[in-house]
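The structure appears right after this line, and notes come after that.
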Amino acid sequence: MSVLESQRLSDAVTLHTFTDPRFKTMKVSVNLFLPLEQATAARNAILPSLASRATRAYPDYTALNGRLAQLYGASLSNSVRKMGDFQVLSLSANGISSRYAFGGEDMFAQLTGLLFDVLFDPLKDQEGLFPEDGFRQEQRQLLEMLDSEYNDKMVYAHQRCEELLFQGQNAGLGRCGSRADVEALERRAVTAGWEELLQNAKIEIFALGDCVPDVEAFRARFAGLGKAQPTGLLAYQTPGEARRLTEEQPLSQSKLSMAYLADYTPEERPLFRLMAAALGGVPSSKLFQNVREKMSLCYYCSTGMGAGNRAMFIESGVETANLERAEEAICQQLAALQQGELTEEELLSAKLALVNSQRSVTDSLAAVEGSYLGQAFNGCVLSQEEAVQQILSYTREQVVEAAGRLRLAAVYTLKGGAQHG
């Protein structure tokens with residue numbers, strides 16, 4: 001069984017290696033962690049896609065894609081996400097293992113070289129700025145992505161609940177900033193932001209799949225870059241009376257998003273994942289069986305743990321007329337769990353679902369990276385088998401005790417009103 005090995009290249013840079021010859025592919029990625037701030041969120045969010053459009057060596061779409069085709073159909077990808085009060089910008093290169101290259105090429109070196117071109121030598125114009133046409137296109141696409149999230153009311157309700165929960169904190173900001181901030185972006189500030197990013201981010205590098213990285217080559221390439229940033233779960237703040245916000249839109253289905261906070265250590269996070277699964281994360285859970293099936297109060301009703309924070313969210317789609325009853329029923333099911341109403345069969349079903357999910361992590365390099373990146377952020381990294389055994393070891397009493405620590409902190413309601421067409 002392959003395990004993740006981590007090596008500190010500097011105070012700011014860590015290389016994580018997951019070597020597994022079962023894969024016919026490899027992936028190398030660079031994840032840049034920066035504190036999420038209103039002033040820089042939109043600027044940072046556009047940078048990964050803008051930098052990966054073209055490089056000095058491959059100065060347009062055709063040249064870059066021609067190079068990817070030469071590398072047996074390799075791909076470049078980028079993403080922006082949020083963990084706690086950090087923005088995480090990721091750039092990745094994916095391709096086949098060297099043993100499948102017809103000419104015996106070192107595919108890891110080739111992929112890494114291309115990724116380094118994107119990171120350290122993206123295309124600039126004669127003024128030393130990101131080219132105008134590429135900048136405008138990526139700005140437009142970022143605005144379209146924000147619009148699509150607004151139009152996906154399940155996503156929108158969760159975002160609004162998170163804003164309400166972390167009101168006044170950077171953790172409440174959107175991972176890409178606001179639409180107005182994206183519209184106001186200027187090329188010169190964005191270009192300067194790329195250099196600032198490389199100097200100030202905490203850098204987590206992953207080399208995954210059928211590959212063995214040259215550690216010293218990475219150490220040399222990232223020497224002097226990055227800045228140590230202490231990451232970890234958001235500090236717990238005992239909630240007072242739950243914050244509430246209701247908005248109305250012409251929708252056929254209302255959305256109810258409820259946020260709870262709980263004081264727990266990074267080592268206890270798997271316990272809270274299990275508790276959330278038993279409450280509303282699997283078909284045998286209390287919310288699914290009772291609120292959705294028996295009472296028919298929700299189209300869906302599920303729980304999930306927040307990324308990098310101590311929040312648990314309960315999300316549901318509800319007929320507008322049933323909003324109050326649905327919220328009351330959800331609270332009743334949580335209260336029942338807190339009072340010990342959990343059978344061994346219900347607990348086992350939740351455990352098996354989590355174990356199955358955990359074992360499937362190593363089926364995909366993207367899933368391996370996502371799992372370990374979150375654990376590294378929180379400061380508690382477990383191997384796949386360690387995580388499985390920990391989940392299986394929890395008792396009914398521990399799950400009930402964990403549920404007892406939940407405190408309702410925010411309730412956001414997106415209320416469906418008269419539709420206009």
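What you see below is based on every heavy atom in this structure, not just the backbone, and it leaves out hydrogens, waters and symmetry mates. Everything numeric here is computed off the predicted structure, so don't read it as measured data.
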Problem set entry | Worked verdict on Lys227 versus Asp11 for salt bridge (charged side-chain N to carboxylate O under 4.0 Å, His left out) | CA-CA 7 Å; Lys227 180 180 177 182; Asp11 288 343; over 6 Å; no

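- Side-chain atoms of Ser364 come within 3.5 Å of backbone N or O of Ala366 as a donor-acceptor pair.
- Environment of CD in Glu293: crowded, with over 12 heavy atoms of neighbouring residues, nucleotides or ligands closer than 6.0 Å.
- Closest approach of Arg407 to Pro239, counting heavy atoms only: CB-CG, 3.6 Å.
- Remark: side-chain polar atoms of Gln384 are paired, donor with acceptor, to backbone N or O of Arg359 under 3.5 angstrom.
- A perpendicular orientation is assigned to the rings of Tyr150 and Tyr156, their planes being inclined by more than 60° (bins at 30° and 60°).
- Counting heavy atoms from C-beta on, the side chains of Asp20 and Phe18 come closer than 4.5 Å.
- Under 4.0 Å is where a charged nitrogen must lie from a carboxylate oxygen, and between Glu162 and Lys82 at least one such pair does.
- The nearest pair of heavy atoms linking Tyr72 to Phe102 is OH-N, 3.1 Å.
- At a threshold of 4.0 Å, the pair Glu247-Arg160 counts as salt-bridged, since one of the basic side-chain nitrogens sits closer than that to a carboxylate oxygen.
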For this session: Please assess Asn78 against Ser49 for the test side-chain hydrogen bond (donor to acceptor under 3.5 Å, both in side chains), listing each intermediate value before the final yes or no.
Result: CA-CA 6 Å; Asn78 64 82; Ser49 57; 4.7 Å; no

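- Of the N and O atoms on the side chains of Glu37 and Asn44, not one donor lies less than 3.5 Å from an acceptor on the other residue.
- Remark: the backbone N or O of Lys286 is paired with a side-chain donor or acceptor of Asn290 at under 3.5 angstrom.
- For the pair Thr55 (side chain) and Tyr58 (backbone), a donor-acceptor distance under 3.5 Å is present.
- Between Arg244 and Glu327 there is a salt bridge, with a side-chain nitrogen of the basic residue lying less than 4.0 Å from a carboxylate oxygen of the acidic one.
- Judged as a salt bridge (Lys or Arg N to Asp or Glu O under 4.0 Å), the pairs with a partner in residues 261-274 (not counting sequence neighbours) are, in order, Glu268-Arg405.
- Closest of all the heavy-atom pairs between Gly172 and Phe166 is N-CB, 3.5 Å.
- For Lys153, the NZ atom is densely surrounded, since the number of other residues' heavy atoms within 6.0 Å is greater than 12.
- The closest side-chain heavy-atom distance from Arg396 to Glu344 is below 4.5 Å.
- With hydrogens and angles ignored, the 3.5 Å screen pairs a side-chain donor or acceptor of Gln338 with a backbone N or O of Ala403.
- Salt-bridge check for Asp147 with Arg179: passed, with a basic side-chain N closer than 4.0 Å to an acidic carboxylate O.
- A donor atom on one side chain and an acceptor atom on the other are not found under 3.5 Å apart for Asp363 and Ser360.
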For this session: Evaluate the criterion side-chain hydrogen bond (donor to acceptor under 3.5 Å, both in side chains) for residue pair Ser148 and Asn151; output intermediate values, then yes/no.
Result: CA-CA 5 Å; Ser148 72; Asn151 291 324; over 6 Å; no

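- Across every non-hydrogen atom of Ser285 and Gly280, the tightest pair is OG-CA, 3.3 Å.
- Listed for the Asp125 side chain is a donor-acceptor partner under 3.5 Å among the backbone atoms of Leu129.
- With hydrogens and angles ignored, the 3.5 Å screen pairs a side-chain donor or acceptor of Trp194 with a backbone N or O of Leu119.
- Tyr372 and Glu204 share no donor-acceptor pair across their side chains, judged by distance under 3.5 Å alone.
- Not one N or O on the side chain of Thr303 forms a donor-acceptor pair closer than 3.5 Å with the backbone of Leu279.
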Exercise. Under the salt bridge (charged side-chain N to carboxylate O under 4.0 Å, His left out) criterion, do Glu127 and Arg188 qualify, and how do the steps go?
Worked result: CA-CA 9 Å; Glu127 295 180 76; Arg188 191 168 298 278; 3.6 Å; yes

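- The backbone N or O of Val411 sits nowhere less than 3.5 Å from a side-chain atom of Arg243 that would complete a donor-acceptor pair.
- Taking the ring pair (Phe, Tyr, Trp, His ring centres under 6.0 Å) definition, one finds that Phe120 meets it with Phe116, Phe222, sequence neighbours left out.
- Remark: aromatic rings of His158 and Phe313 are close, center separation under 6.0 Å.
- Across all their heavy atoms, Tyr412 and Ala157 have their closest contact at CD2-O, 3.6 Å.
- The number of heavy atoms from other shown groups lying within 6.0 Å of OH (Tyr61) does not exceed 12.
- Side chain of Glu105 to main chain of Gly103: a donor-acceptor pair is present (N/O by atom type, distance under 3.5 Å, no hydrogens or angles).
- Environment of CD in Glu5: sparse, with no more than 12 heavy atoms of neighbouring residues, nucleotides or ligands closer than 6.0 Å.
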Exercise. Which is it for Glu149 and Gln159 under the side-chain hydrogen bond (donor to acceptor under 3.5 Å, both in side chains) test, yes or no, and what are the steps along the way?
Worked result: CA-CA 9 Å; Glu149 290 186 346; Gln159 290 175 341; 2.9 Å; yes

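- Judged by the 6.0 Å distance and 45° axis criteria, Lys27 is not positioned over the aromatic ring of Phe23.
- Seen from the ring of Phe130, Lys124 counts as a face-on cation partner, given the 6.0 Å and 45° thresholds.
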Exercise. Passes side-chain contact (heavy atoms from CB on, under 4.5 Å), Leu256 versus Leu323? Steps please.
Worked result: CA-CA 7 Å; Leu256 178 64; Leu323 276 166; 4.3 Å; yes

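- Gln87 and Arg81 share no donor-acceptor pair across their side chains, judged by distance under 3.5 Å alone.
- The neighbour count for Lys415 NZ, taken as heavy atoms of other residues, nucleotides or ligands under 6.0 Å away, does not exceed 12.
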For this session: Evaluate the side-chain hydrogen bond (donor to acceptor under 3.5 Å, both in side chains) criterion for residues Arg67 and Gln110: first the C-alpha distance (whole Å), next the side-chain angles of each, then the deciding distance (0.1 Å), finally the verdict.
Result: CA-CA 10 Å; Arg67 178 56 178 155; Gln110 302 266 14; 2.5 Å; yes

Which atom pairs, donor and acceptor, lie under 3.5 Å between side-chain atoms of residues 208-217 and protein residues at least two apart or in another chain?
{"residue": "Asp210", "atom": "OD2", "partner": "Ser97", "partner atom": "OG", "Å": "2.6"}
{"residue": "Asp210", "atom": "OD2", "partner": "Arg99", "partner atom": "NE", "Å": "2.4"}
{"residue": "Asp210", "atom": "OD2", "partner": "Arg99", "partner atom": "NH2", "Å": "3.2"}
{"residue": "Asp214", "atom": "OD1", "partner": "Glu216", "partner atom": "N", "Å": "3.2"}
{"residue": "Asp214", "atom": "OD1", "partner": "Ala217", "partner atom": "N", "Å": "3.2"}
{"residue": "Glu216", "atom": "OE1", "partner": "Arg219", "partner atom": "NE", "Å": "3.1"}
{"residue": "Glu216", "atom": "OE2", "partner": "Arg219", "partner atom": "NE", "Å": "3.4"}
{"residue": "Glu216", "atom": "OE2", "partner": "Arg219", "partner atom": "NH2", "Å": "3.4"}

